Structure formats: structure tokens, C-alpha cells
Amino acid sequence: RAVRGVVCLCGDESTTSSPMTVATHAAEMTAKVFDLLRYTAFFFLLINAILVVYRPIMDVYNDSEASAIDEVPHKSAADCYAASRRTGNVDSISLRRRINYSHIATAVPHLEADCRSTTLTRLGTDLSFSCPKNSLMLQTESRSSTPLHDNCPTAFIVGARKAGTSSLYQYLSNHPDFEGTSLDLGPKAGETFYFSAHYDDKSWDSYLSFFPSGGVMTGDASVGNLVHCLVPKRMFGSCGKQAKIIILLRNPVKRFVSNFLMRARLSTNRIRNTTALTTVVKSELDTFFAEVFQRNIVPDVSELPQKWTELRCLFLPSTNMVFEGLYYMHVMNWLCNFPPENILVINSEEFYRNTSVILKQVLQFLDLRPLPQDTLSWITSTVYNQGKYYEIPPYQRLTPMDRKKLARVYEPFNRALFELLDWKTVNWSN
């Protein structure tokens, strides 16, 4: 067309462009393209030159700022975390490698109050309670008996399920003097279910094979241990006072929903990705009350906490989600059948808010050497096995009516628990 000329469709010869004119326009366009490329290259060279000069200046500034931060007490975990990020060195202590899994770990900055004087964490010996006559801790011979084994794990995070147990176990595994097991399994890290599901069919040696050897402190994170009524006696008989029990308690309604969503995602325990939450709420409540009525336990829900000794063995772990949220019953079963001085109870919501503060208390409970605040903040900067609630379809969301149904059962148990633990500021009703 450059040779023959470009003619418009109307065929008017007056609109025809000569080959010379087209060539001139092409040359002008080519020159403009080359000018644009030259300007673009010059712009990138200029930006690069600025960065070359700017980076050393900022490095000096950051180093001086980080040094200044290290010289004064940190006002919050966020400050500590920011300081560790700027210096690029979390702490001089050699930490174990933290394993991050994109599908279970979410990086978050933990904001917490500085110099917090009181928390909701409770040691068993801080509590006032009475136990039935047949409780193990009321039997002098049993309490002072020699355990069957002297090589037990030290830490037992027994539950509750979906209450922060995965994160706490991973945090402990970052301590230089603590070595967790099966950390590469994500949510299943530390889970053996020996005392709840395999106590009669697996040997002690097979149980110990899950854990590292060499005298380093280790731990078990089997969440079924909280609700299995026989585990406290089994564990005390096997390990005695070697074992230290950690219990995390989360709003039971939220725990129920989180447990349901996990099962729906994994398609376990007869719950599928297409199962509606309201169907499961009805089914779990019906199953729970059917067992209660069958055993002729008082039908009045408000009186159920006083009958905890009759309720505690109604279900095995993972068989009824309503049962798993009756925390007062489970905690009392542990306090009466395991040394209270070896039991630590943690409020999960406070653990989420003030993570490094609570972790510091756990380290003290386990007699692990304390870690600097910036190290604790770095360790707790990741949440493990966190539910993706923004992906919930409408039919798997909790309705106001279902919330009331669950709260009706949990409310009397929550009141008894709050009185036991002196949790005056906790509100699980909203």
C-alpha cells in the first residue's frame, strides 16, 4: 500500500496519499518511538541511581533507630516485632526453625498491653473446689503412688479442640529447650491420641517413638484428652507429677462453629462441605439430650453442671460437639483426678489478644527459661490452623435461633466455670 498509495473506499483520487508522504510519516513515527524509549531508559537509570544513594542512608538510619529501640523498654509487642524486623535479627538465642505452612499459618502482629499485671490464666492450686469422694486426688495412696514410667513427655496440651492448641504447640517448639514432634503435619503436630484412643492397643514404647530422644523437653498436643473422662487417671498412673497439663478454653458457641467448619472442610464425622450448620446443631443437641434422658439425669438444663460426675463419660472425644463445650465438667474432672498444681487453665480469647504474655506464663509453668520480649513477639507473630471464616457459605453460618439453642445449654456451665476460675470479666453470651 505504501507503493501504490492508500485510497479511501469512496474512490476519490483527491484523498490518495503518495508513497513519499507515507514514508515520511513512517519515519517521523519511528523517530518518536525511539525518543520514547530513550526517555524511558533514562528514567529507570535515574531511579536506580537514586536508590543506590538512598539505601545506605536508610540502612544507617534503621540501624541507629533499632539501637535506640533496644536501649529502652518496649511499650508493646508490636514495637518489639517491628524492632526485630528492622534489625533483621530476632535474638541472639539460637531458635529452632519455625515452619510456616501457607494453608495453616497466617502472619499477624500481636498487639498487647505492656506490663500487664493480671490475666485470666489460672493454676489449679489457685482455685477453690470440692470433689466427689471417689476422686483420685482424695485418695492418699493413689496420689503418692509411683508412676509406671519415668520417661513421659512433660507438656500435655489437652484441649479444647479449636481453641488455639496448634499455635501454642508450635510456639513452644520454637523454644531452644523444647522440641515438638510432627511439626511438618501442621494441625496434627504433637497429636498422638494415645491416652484417649490407643491406651489399650499400643505399647508405651510405641507411644514414646513419636517423640524426640536425648533428654530434651517435649510435649503431647492430643486435644481429645480434655473430654475423655478416663484420661486424667490414665495419665497420672503413667506419668504422675512429671506431666504438666495445659487447658485452653474458648467461647463454646464459637468453638462449636469452628469445629463444624473444620469437619465440613475435611469431610469427616458424617459432615460434608454441603452440610448445613443448622442441621448439625439440631442433630448434636438431639443426640446429647437423648443420652441425658436415657440416663435419667435431671431434665432441667440449669441443674446439669451440678451433675457433672454423671455427665462426664456420656461421650467419647469427637462424637458430640455440644458435649465438648461443657468446660466446667471437663475441668472439674481434671482437677479432681490429677494434681491441681500441675494444671494450667488459659482463656483462649486472651491468648489470642495477649499471645506473648500468655506464652511467657506457659514457659514459667513448664520451668523453661524465659525468653526476651522481642523473641516472644517474633515467635508469636504467626497464627497456626486459623479458620478462613470469610469463605463460609450462607448455609453454614450460625443463625440467631441456633445461637440461642446452643447458648441455652452452655450458659449454666459457663456460669459455673466463671465462678470456679474467677473469670469475672469474661462474657461468652454475645
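Here the structure is a predicted model, which is why all the values come from computation and not from measurement. Hydrogens, waters and symmetry mates play no part in the numbers below; they use all other heavy atoms, side chains included.
In this structure, the side chain of Tyr410 does not engage the main chain of Tyr327 through any donor-acceptor pair within 3.5 Å. Of the possible polar contacts, none joining the Asp177 side chain to the Leu368 backbone as a donor-acceptor pair under 3.5 Å is found. Using a distance-only test at 3.5 Å, with no hydrogens or angles considered, a donor-acceptor pair links the side chain of Asn347 to the main chain of Glu350. Judged by distance alone, the side chain of Thr125 and the main-chain N or O of Pro340 form no donor-acceptor pair under 3.5 Å. Looking at Glu324, its side chain never comes within 3.5 Å of a backbone N or O of Leu226 through a donor-acceptor pair. Within the 3.5 Å criterion, the main-chain N or O of Lys254 finds no donor-acceptor partner in the side chain of Ser258. With hydrogens and angles disregarded, no donor-acceptor distance shorter than 3.5 Å links the side chain of Ser135 to the backbone of Leu138. The closest donor-acceptor contact from the side chain of Arg397 to the backbone of Ile392 lies under 3.5 Å. Using a distance-only test at 3.5 Å, with no hydrogens or angles considered, a donor-acceptor pair links the side chain of Gln242 to the main chain of Cys239. The closest donor-acceptor contact from the side chain of Ser348 to the backbone of Ala163 lies under 3.5 Å.
Shown here is Arg272, whose CZ atom has more than 12 heavy atoms of other residues, nucleotides or ligands within 6.0 Å. More than 12 heavy-atom neighbours from other residues, nucleotides or ligands sit within 6.0 angstrom of CD on Gln139. Atom NZ of Lys233 has more than 12 heavy atoms from other residues, nucleotides or ligands within 6.0 Å.
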Report the C-alpha distance between Gln373 and Ser377 in whole Å, list the side-chain angles of each, state the deciding distance to 0.1 Å, and finish with yes or no for side chain to side chain donor-acceptor pair (under 3.5 Å). CA-CA 6 Å; Gln373 180 60 52; Ser377 300; 3.1 Å; yes

Go through Asn354 and Thr119 one step at a time and tell me if the side-chain contact (heavy atoms from CB on, under 4.5 Å) criterion holds. CA-CA 9 Å; Asn354 303 306; Thr119 67; over 6 Å; no

Begin from the C-alpha positions of Trp204 and Asn151 and carry the test side chain to side chain donor-acceptor pair (under 3.5 Å) through to its verdict. CA-CA 10 Å; Trp204 182 252; Asn151 52 356; 3.0 Å; yes

Applying side-chain contact (heavy atoms from CB on, under 4.5 Å) to Ile157 and Leu172, what does each step give before you reach the verdict? CA-CA 11 Å; Ile157 304 175; Leu172 288 176; 4.2 Å; yes

Chi angles and distances behind the salt bridge (charged side-chain N to carboxylate O under 4.0 Å, His left out) call for Arg415, Glu411: CA-CA 6 Å; Arg415 284 201 306 269; Glu411 180 60 30; 3.6 Å; yes

Given the rule in the side-chain contact (heavy atoms from CB on, under 4.5 Å) test, do Trp308 and Leu326 qualify, once you have shown the distances and angles that lead to the verdict? CA-CA 9 Å; Trp308 68 266; Leu326 306 179; over 6 Å; no

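Contact record, Phe351 with Gly164: CE2-O, 3.6 Å, taken as the closest heavy-atom pair. Here the shortest heavy-atom pairing between Pro317 and His228 reads CD-CD2, 3.7 Å. What you find for Leu123 and Phe365 is that their closest heavy atoms are CD1-CE1, 3.5 Å. Listed here is the closest heavy atom pair of Val158 and Trp334: CG1-CZ2, 3.9 Å. The two atoms that bring Phe178 and Gly219 nearest to each other are CZ-N, 3.4 Å, heavy atoms only. Shortest non-hydrogen contact noted between Lys405 and Leu285 is CB-CD1, 3.7 Å.
The structure places OG1 of Thr287 at 9.0 Å from NZ of Lys282, a figure rounded to the nearest 0.5 Å. Note that OG of Ser173 is 11.5 Å distant from OH of Tyr171, once rounded to the nearest 0.5 Å. Put simply, CG on Asp205 and NE2 on His149 are 8.5 Å apart, with the number rounded to the nearest 0.5 Å. Note that OG1 of Thr399 is 10.0 Å distant from NZ of Lys404, once rounded to the nearest 0.5 Å. We find the NE2-CG distance between His175 and Leu359 to be 8.5 Å, quoted to the nearest 0.5 Å. To the nearest 0.5 Å, the span separating OG1 on Thr278 from CG on Asp402 amounts to 3.5 Å.
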Donor-acceptor pairs are to be reported for all side-chain atoms of residues 293-300 against protein atoms at under 3.5 Å, with residues two or more places apart or in another chain.
unit_1 : atom_1 : unit_2 : atom_2 : d
Asp300 : OD1    : Ser302 : N      : 3.1
Asp300 : OD1    : Ser302 : OG     : 2.9
Asp300 : OD2    : Ser302 : OG     : 3.2

Just distance, no hydrogens or angles: give the donor-acceptor pairs under 3.5 Å from side chains in residues 187-195, sequence neighbours left out.
unit_1 : atom_1 : unit_2 : atom_2 : d
Thr192 : OG1    : Tyr194 : N      : 3.4
Thr192 : OG1    : Asp220 : OD2    : 2.6
Thr192 : OG1    : Ser222 : OG     : 3.3

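The salt bridge (charged side-chain N to carboxylate O under 4.0 Å, His left out) search around Asp126 returns none, not counting sequence neighbours. Every residue two or more places apart in sequence or in another chain that forms a ring-ring contact (aromatic ring centres under 6.0 Å, His included) with Phe315 is listed here: Phe323. Scored by the ring-ring contact (aromatic ring centres under 6.0 Å, His included) test, Phe236 finds Phe338 as partners (sequence neighbours excluded). The ring-ring contact (aromatic ring centres under 6.0 Å, His included) check on Phe256 picks up nothing, with sequence neighbours excluded.
A heavy-atom distance below 4.5 Å is not found between the side chains of Leu304 and Pro412. By the 4.5 Å heavy-atom criterion applied to side chains, Met321 and Arg263 are counted as neighbours. Using a 4.5 Å cut-off on side-chain heavy atoms (C-beta onward), Leu376 and Leu363 make contact. The shortest side-chain heavy-atom distance between Tyr199 and Ser238 falls under the 4.5 Å cut-off. Residues Asn333 and Pro232 form a side-chain contact, since some pair of their non-hydrogen atoms from C-beta on lies under 4.5 Å apart. You'll find the side chain of Arg312 reaches within 4.5 Å of the side chain of Asn337, heavy atoms only. Annotation: side chain of Leu311 is in contact with side chain of Phe413 (closest heavy-atom distance under 4.5 Å). Residues Leu421 and Val426 fail the side-chain proximity criterion, which asks for heavy atoms closer than 4.5 Å.
For the residue pair Arg270 and Thr275, no side-chain donor N or O sits within less than 3.5 Å of a side-chain acceptor on the partner.
Between Arg143 and Glu341 a salt bridge is recorded (basic side-chain N to carboxylate O distance below 4.0 Å).
Residues Phe418 and Trp428 bring their aromatic ring centres within 6.0 Å.
Looking at Ile245, Leu248, Val362, Leu366 one by one, the single match for side chain to side chain contact (heavy atoms under 4.5 Å, CB included) with Leu344 turns out to be Val362.
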